[in-house]
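Each chain gets a letter, A, B and so on, in the order the sequences are listed, and its residues count up from 1.
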Protein chains: 2
Amino acid sequence: MSTLTPDQLDRLRVVLVSARNPLNIGAAARAMSNFGFSRLRVVNPYEVAFREARSAVGAGAVLENAEEFSSVAEAVADCTLVVGTTALGNRELHHPLRQLAYGARLIRQRLASSPVALLFGSEKYGLTNEDLSYCHWLMRIPTRKEHGSMNLGQAVAVALYELIREPRAATVKPEPIKPAAAGDIDRLTALLLEALQASGYTNPRTAKSTEEKVRRLVRRLNLPARDIEIWLGIFRQILWKLSGGGR
Amino acid sequence: MSTLTPDQLDRLRVVLVSARNPLNIGAAARAMSNFGFSRLRVVNPYEVAFREARSAVGAGAVLENAEEFSSVAEAVADCTLVVGTTALGNRELHHPLRQLAYGARLIRQRLASSPVALLFGSEKYGLTNEDLSYCHWLMRIPTRKEHGSMNLGQAVAVALYELIREPRAATVKPEPIKPAAAGDIDRLTALLLEALQASGYTNPRTAKSTEEKVRRLVRRLNLPARDIEIWLGIFRQILWKLSGGGR
């Protein structure tokens, strides 16, 4: 039924961050199977919940093949687009926020050429600001203000439905410029942070919030994959010099 | 957020026929509340399940006001359009079958003038042929043939989302990200070039061609105007340090 090709379906990674309820993990996996997606990734789930969900009767292939990660960074490292989902209103947002219907179209475009990660936060708290700092932008399901927060399994089902809904999806063209993978962007971010420390730009006391700001700053650059090595080289050299190299 | 008026939202009756699982009844009610619908009707539910769902913490207004009926006939008596949902394939169909996106459009039209009933069957068997005999037509969520049957709560969430889904959302543009002016990009490029010299990254003999490479490199970043001052500040600081500042 899906309007996405098998390759496109296979390029989406559904990432559940700190999921607590085995029923929700199972429900997310079931919705993925219903709509033809297969790549489920969980980031430090409540262990018991993950084991329970996995051993549930008819858990199916999606859960059996689910991959476990200890950090968001690792879970999205192979993706060129990282999108967070949010119930909105519960925090100050530093990211562009897109309606589900429009955001899904951008995701389908990217799926035509490279892997995309779709993040869902814990049932209780959603995605933390640190989780969000790995996202290029956020997507919101149009729930009403008075009761915005959706059940995790239902939010996954609705988001995936929107992804396979668009009839013309299969015909979208890949983008000309291949974007850098999240893992490469992380390496560059790490070097930049080191340089900011070494140059005295950052204040150790506020390091944490600075780190998130810088992570968002670098993600707003739309770095092309072809340039990553050059930028890494530039900052390695600057860092070498900053730390007294050649003196 | 909804594209339906309060009157239209109030005209939809979500009818759960023979629901067996209190969690599913609760999930259906929650999705209704998320998307602004309030009229839940249950037809001979498994009593214990219904009581449990109702007494659940935070069951909310939708469940409290849920109406109970002993037959589909009574539950849909006040509606001018009765639509059944199905996973298809599991029985011979005697009704017109419509895709969710198209069916929802017809339902929205009817909601403009009179009440519509949307029927969901039991988790195990779906709607029986007798239930279906009260329906004008059937609607199907586009799940894949190999795994068509959805979780009840998720099916309700997806169907209701399609009903309130902004028809024009797909064409709505997000706030465009204002790109940096060429002059600002040049100032940044100049600072970067100085830093490359100071760090020994560039070789004076090939400076000219390097300069052009770096200029193209920086332009490929699509720098947002809002970030230009931050980047200028970062490189000024790095440069200051590279040229022995603070030593």
Side-chain angles (χ1 to χ4, degrees), chain A residues 1-3 23 27 30-31 33-36 60 96-102 104-105 137 141-151 153-158 161-162 164-166 177 192 195-196 198-201 217 220-224 227 230-231 233-234 237-238 240-242 245-246, chain B residues 1-2 23 27 30-31 33-36 60 100-101 141-151 153-158 161-162 164-166 169-175 177 192 195-196 198-201 213 217 220-224 226-227 230-231 233-234 237-238 240-242 245-246:
Chain A
M1 285 311 300
S2 172
T3 55
L23 293 174
R30 179 169 179 177
S33 177
N34 285 146
F35 293 125
L97 181 70
R98 280 150 187 177
Q99 279 292 329
L100 180 57
Y102 178 70
R105 205 170 67 180
W137 43 269
I141 297 173
T143 49
R144 65 191 177 107
K145 267 197 305 305
E146 302 71 19
H147 187 180
S149 153
M150 285 189 78
N151 160 277
Q154 290 175 309
V156 171
V158 168
Y161 163 72
E162 180 63 58
I164 61 107
R165 177 186 182 280
E166 170 64 49
I177 298 167
L192 177 56
L196 295 183
S199 67
Y201 182 89
L217 187 70
R220 284 196 292 265
L221 290 177
N222 308 320
L223 279 157
D227 293 341
I230 304 174
W231 283 110
I234 286 177
Q237 178 70 29
I238 287 176
W240 174 77
K241 192 71 177 181
L242 282 173
Chain B
M1 294 306 302
S2 172
L23 293 176
R30 180 171 179 175
S33 177
N34 285 146
F35 294 126
L100 180 57
I141 298 172
T143 49
R144 67 194 175 104
K145 267 199 302 313
E146 302 72 20
H147 187 182
S149 157
M150 285 188 79
N151 160 278
Q154 291 175 310
V156 170
V158 169
Y161 164 71
E162 181 62 60
I164 61 102
R165 183 184 183 278
E166 173 65 63
T171 67
V172 171
K173 292 263 183 298
E175 73 300 330
I177 294 164
L192 177 56
L196 295 183
S199 68
Y201 181 90
K213 283 204 198 73
L217 188 69
R220 283 198 293 269
L221 292 177
N222 309 322
L223 278 155
R226 59 178 279 200
D227 292 339
I230 303 174
W231 283 111
I234 285 176
Q237 178 71 29
I238 287 175
W240 174 77
K241 192 74 179 179
L242 281 173

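No other option in A/Leu223, A/Asp227, A/Leu100 has as many heavy-atom pairs under 4.5 Å with chain B as A/Asp227. Between chain A and the residues B/Gln154, B/Glu162, B/Lys213, B/Glu146, the largest count of heavy-atom pairs under 4.5 Å involves B/Gln154. Heavy-atom pairs under 4.5 Å with chain A peak, among B/Ala195, B/Gly148, B/Gly153, B/Ala155, at B/Gly153.
When atom types are taken as modelled, the side chain of B/Arg30 and the backbone of B/Ala157 share no donor-acceptor pair closer than 3.5 angstrom. At distances below 3.5 Å, at least one donor-acceptor pair connects side-chain atoms of A/Arg144 with backbone N or O atoms of B/Ser33.
Of the atoms belonging to A/Leu196, it is side-chain heavy atoms, and not backbone ones, that fall under 4.5 Å from chain B. The contact between B/Ile230 and chain A is made by backbone and side chain atoms together, counting heavy-atom distances below 4.5 Å. For B/Ala198, the part lying under 4.5 angstrom from a heavy atom of chain A is the backbone only. Only the side chain of A/Trp231 comes within less than 4.5 Å of a heavy atom in chain B; its backbone stays farther off. Of the two parts of B/Tyr201, the backbone and the side chain both hold a non-hydrogen atom closer than 4.5 Å to a non-hydrogen atom of chain A.
B/Arg226 is linked by a salt bridge (Lys or Arg N to Asp or Glu O under 4.0 Å) to nothing, counting only residues two or more places apart in sequence or in another chain.
Taking every heavy atom of both residues into account, B/Asn34 and A/Ser149 meet most closely at ND2-O, 3.2 Å. Across B/Ile238 and A/Leu242, no two heavy atoms sit closer than the pair O-CD2, 4.0 Å.
Between B/Tyr161 and A/Tyr161, the ring planes lie perpendicular to each other; the angle is over 60°, past the 30° to 60° tilted range.
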